[in-house]
Undergrad: 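Just dropping this structure here.
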Amino acid sequence: MAGGVLSFPLTSFHDDGSLDLDSYRTYLAAQVATAPGAVFPACGTGEFSALDEDEYRAVVETAVEVVDGRLPVVAGIGYGWAQALRFARIAQEVGADALLVLPHYLVAAPQDGLVEQLRQIAAGTRLPLIAYQRDQVAFTAESVRRIAEIPTVIGLKDGHSDLDRLQRLTLAAPDGFLFFNGAATAEIQARAYATVGVPAYSSAVHAFAPEIAGACFTALCDGDDAAVNKLLRDFYVPLVELRDRALGYAVSLVKAAARLRGLPVGPVRAPLTDPGPADLADLERILDAGLNLVGANHRRTA
């Protein structure tokens, strides 16, 4: 998975909010054609929490069909362990390769509970599990040692960006345990994460501008600091500043940018809301600047 940007595809909806599988299939094929390191359907960017179980089945099954064994398909699961297992079994039935365990719903929990949550999920599915820590989920080094002893728990995605803590976790984990940079706009912190042994990262930008995400990944791999700095300064930092204007923009801005490029993804579902005209105008300006930097066409049709 460290061989390319990790793709977290958007889920396509019709204007009335219903699932649009035909458009999703077309959009996802374009994502896969850019050769990401893996595809993570029905995760945060894919509005997992807005999908019912039938829709979830259709989204993950379509991803498996489109990917056709060329890349790992890692499906999102979440809520409490009992509901997470319902989604896990669906993903297993339709052929997903692994599962990303999204932060559990609502309650704060002690370390023993976080570990037991993963034990309960692992007991109900044969698929490998990647834990995701952000918000109310934060593992200690001792807990990472414990979850790494669960045979099917293979890694941890980090969304806290506390590098001191993360370094302690990587040192506590056994060899071969996977770590991923899951910061909201991971490229901003990619170099810092790499210094503590976490080079692999997910990219929301890949969902609408794989040309920009790919150029940044290549520059990072090549150690081309000048190119990375230019992309960060002229595209990623302005994008993050726009993202921080409103709650939910980590997803709804991504979807709006995809629509600006002609990609068939449709609107977000409640409780998310689509950006208003002023923010859309700023988004288009930032997107144009990023595409100009990498010499990409401004309109991309899936």
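Values below: every heavy atom of this structure, side chains too, minus hydrogens, waters and symmetry copies. From a predicted model like this one, the values you see are computed outputs, not experimental measurements.
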Undergrad: Over 60° means perpendicular and under 30° means parallel, so classify the ring planes of Phe40 and Phe180, tilted if in between.
TA: perpendicular

Undergrad: Between Asp112 and Arg119, does any NZ, NE, NH1 or NH2 come within less than 4.0 Å of an OD or OE carboxylate oxygen?
TA: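 No salt bridge links Arg119 with Asp112.
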
Undergrad: Grab the two heavy atoms, one from Ala186 and one from Asn181, that are nearest each other, plus how far apart they are.
TA: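 Looking at all heavy atoms of both residues, the shortest contact is O-ND2, 3.2 Å.
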
Undergrad: Could you list the residues that satisfy salt bridge (Lys or Arg N to Asp or Glu O under 4.0 Å) with Arg145, not counting sequence neighbours?
TA: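 Testing Arg145 for salt bridge (Lys or Arg N to Asp or Glu O under 4.0 Å), a comparison that skips the adjacent residues, returns Glu142.
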
Undergrad: Go through the structure and list residues passing salt bridge (Lys or Arg N to Asp or Glu O under 4.0 Å) with Asp244, not counting sequence neighbours.
TA: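 For Asp244, no residue satisfies salt bridge (Lys or Arg N to Asp or Glu O under 4.0 Å) once neighbours in sequence are set aside.
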
Undergrad: Considering residues at least two apart in sequence or located in another chain, which fulfil the ring pair (Phe, Tyr, Trp, His ring centres under 6.0 Å) criterion with Phe179?
TA: Phe177

Undergrad: Please enumerate all residues that pass salt bridge (Lys or Arg N to Asp or Glu O under 4.0 Å) together with Asp225, with sequence neighbours excluded.
TA: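 Here the qualifying residues are Arg191.
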
Undergrad: Which atom pair, heavy atoms only, marks the closest approach of Ala138 to His160?
TA: CB-NE2, 3.6 Å

Undergrad: Shortest non-hydrogen contact from Pro174 to Ala148?
TA: CD-CB, 3.5 Å

Undergrad: Search all heavy atoms of Leu272 against all heavy atoms of Gly248 and return the closest pair with its distance.
TA: CD2-CA, 3.7 Å

Undergrad: Determine the minimum heavy-atom distance between Gly266 and Arg259, stating which atoms define it.
TA: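 Scanning both residues completely, I find the closest heavy atoms to be O-NH1, 2.9 Å.
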
Undergrad: How would you list, by chain and number, every residue that makes a salt bridge (Lys or Arg N to Asp or Glu O under 4.0 Å) with Arg233, sequence neighbours excluded?
TA: none

Undergrad: Would Asp22 and Arg25 pass as an ion pair if we require N to O under 4.0 Å?
TA: yes

Undergrad: Name each donor-acceptor pair under 3.5 Å that joins a side chain in residues 193-202 to protein atoms two or more places apart or in another chain, with its distance.
TA:
unit_1 : atom_1 : unit_2 : atom_2 : d
Tyr193 : OH     : Asp158 : OD2    : 2.6
Tyr193 : OH     : Ser161 : N      : 3.3
Tyr193 : OH     : Ser161 : OG     : 3.2
Thr195 : OG1    : Ala192 : O      : 2.5

Undergrad: Less than 3.5 Å apart, any donor N or O on the side chain of Gln167 or Thr170 sitting next to an acceptor on the other?
TA: yes

